[in-house]
Amino acid sequence: MTGPRDGGREAVGEQSASRRGRFGRWRDQAIALGWLALVWNLLWGQISWANLASGLLVGSAVLVFFPLPAVTFGGRLRPWALLVFASRFAAELVSASLHVARIAVQPGCRPRGAIIGVELRVRTDLNMALTAEAVTLVPGTLVLEMDRESATLYLHVLDTHGPAELVAARERTLALERRIVRAVGSAAELRRIDNPPVEKGTSP
Amino acid sequence: MIATVADWLGAACLVAGAMLGLAAAIGVLRFPDSLSRMHAATKPQVLGVLLLLLGIALRLRSMADLGMIVLVAVFQLATAPVAAQMIGRAAYRSGRLDRDLLDADELADRGSGGGSAGSG
Amino acid sequence: MITVLAVVLTALLSVTALLALARLYRGPSLLDRVIAADMLLATMIAGVGAEAAVNRHATTLPVLVVLSLLGFVGSVSLARFAVREPA
């Protein structure tokens with residue numbers, strides 16, 4: 001009894017997904033156009049109607065002549081979580097910078113490093129890109145490679161003193177991902193983050 | 001009063017930014033291999049430039065210039081990790097890293113990639 | 001105060017640029033030189049910006065925008081070149 005109903009719901013969902021896909025694509029383009037127009041206004045140093053019009057013109061020319069693969073933004077912005085992410089990001093940026101600066105000026109210190117792989121839990125391109133950017137900017141880590149299939153980031157960690165710090169770096173990266181998903185992720189991604197499926201042993 | 005405070009804060013930001021840049025340069029000069037140098041070149045330097053921009057904003061104090069300063073800061077934050085990742089990947093793939101300084105290498109354990117390139 | 005600030009900033013940035021130049025000269029590989037050149041460009045951004053802040057004018061701010069994008073384009077294209085170049 002549940003079978004057909006589920007199937008029907010799935011078909012309906014698929015249909016609405018495709019309609020939302022077209023609408024979403026249109027919406028993505030509009031958002032990109034808005035950002036480009038804003039950048040144009042900032043470049044001119046003042047926001048005026050003439051700048052807005054020329055910005056929209058230039059922005060649409062850029063979007064038409066340099067089409068990029070669409071990055072669908074499936075989630076929604078949560079201002080409070082975004083604020084939490086931004087403040088933690090700033091704090092980690094400062095502490096990581098001071099740490100690296102201290103290593104740099106400390107005499108006779110030859111920092112050791114390590115390369116670790118961290119598997120992200122949310123596999124969208126947007127999440128991978130955002131996490132990789134943030135990870136490269138913050139604590140003592142630098143993204144070397146990304147595996148898009150398994151959503152794994154390979155990081156170079158600076159100044160390690162043993163396996164415990166590698167575990168700590170991995171956890172820091174996952175915590176960063178959680179904050180990013182809380183800030184911009186969709187509800188399904190948020191569920192994935194908050195109660196991760198226990199599949200370490202079963203999944204290949 | 002507020003103007004004086006903002007001036008002094010701006011001056012402090014400028015000096016702090018310049019000092020972070022100096023520390024980054026020392027790191028770039030002293031660190032033993034390319035990957036460690038990347039660390040010095042991305043982190044303290046980005047924060048240094050951001051502090052400097054904050055100092056400029058605090059001393060100029062006009063909305064029109066603030067827009068352009070924010071734009072430079074956003075460009076820095078968005079482009080520095082991308083450039084760092086590309087240089088880091090190039091350094092790893094061409095095997096230009098000191099394996100004696102690595103505690104672990106899970107990328108080489110993965111099998112593919114330039115795992116054997118480092119021994120040459 | 002302005003004079004002291006200008007002198008301190010000039011000294012710090014000059015030393016930074018010299019260190020970056022030293023790495024640019026010594027760098028064993030192309031990538032090290034790319035890193036050093038990036039560093040040098042960031043120092044230039046700092047220098048232009050510091051001058052604008054000390055003298056309180058905004059005429060050179062567009063230069064900052066151009067420099068910050070130039071560094072990115074330069075490093076990315078050189079990194080791609082370095083991957084193709086053997087050893």
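Order of the sequence lines fixes the chain letters, A, B, ..., with proteins taken first and strands second; residue numbering starts at 1 for each chain. From a predicted model like this one, the values you see are computed outputs, not experimental measurements.
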Tell me, side chain or backbone of [X] under 4.5 Å from chain B's heavy atoms, or both, or neither?
X     : answer
C/L64 : both
C/I2  : side chain
C/L61 : both

Which atoms form the tightest heavy-atom contact between [X] and [Y], and what is the distance?
X     : Y     : answer
B/Q76 : C/S68 : NE2-CB, 3.8 Å
C/H57 : C/T60 : CE1-OG1, 3.6 Å
C/A36 : C/A20 : CB-O, 3.6 Å

Using non-hydrogen atoms and a 4.5 Å limit, figure out which bit of B/L53 sits close to chain C: side chain, backbone, both or neither.
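B/L53 touches chain C through side-chain heavy atoms alone.
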Given heavy-atom pairs under 4.5 angstrom as the criterion, report whether the side chain, backbone, both or neither of B/L52 touches chain C.
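The side chain, not the backbone.
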Any salt bridge between C/D32 and C/R23, counting N to O under 4.0 Å?
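No.
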Could you have a look at C/V15, C/I45, C/D38, C/L19 and say which one has the most heavy-atom pairs with chain B under 4.5 angstrom?
C/L19
Report the option among C/A22, C/P62, C/A17 that has the most heavy-atom pairs separated by less than 4.5 Å from atoms of chain B.
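The residue among C/A22, C/P62, C/A17 with the greatest pair count is C/P62.
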Determine whether C/T43 and B/Q45 satisfy the following criterion, side chain to side chain contact (heavy atoms under 4.5 Å, CB included), listing intermediate values before the conclusion.
CA-CA 9 Å; C/T43 315; B/Q45 183 212 309; over 6 Å; no
Residue pair B/L77 / B/L50, side-chain heavy-atom distance below 4.5 Å:
yes
Looking only at heavy atoms and a cut-off of under 4.5 Å, which of B/V82, B/V46, B/D7 has the most pairs with chain C?
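Between B/V82, B/V46, B/D7, the count favours B/D7.
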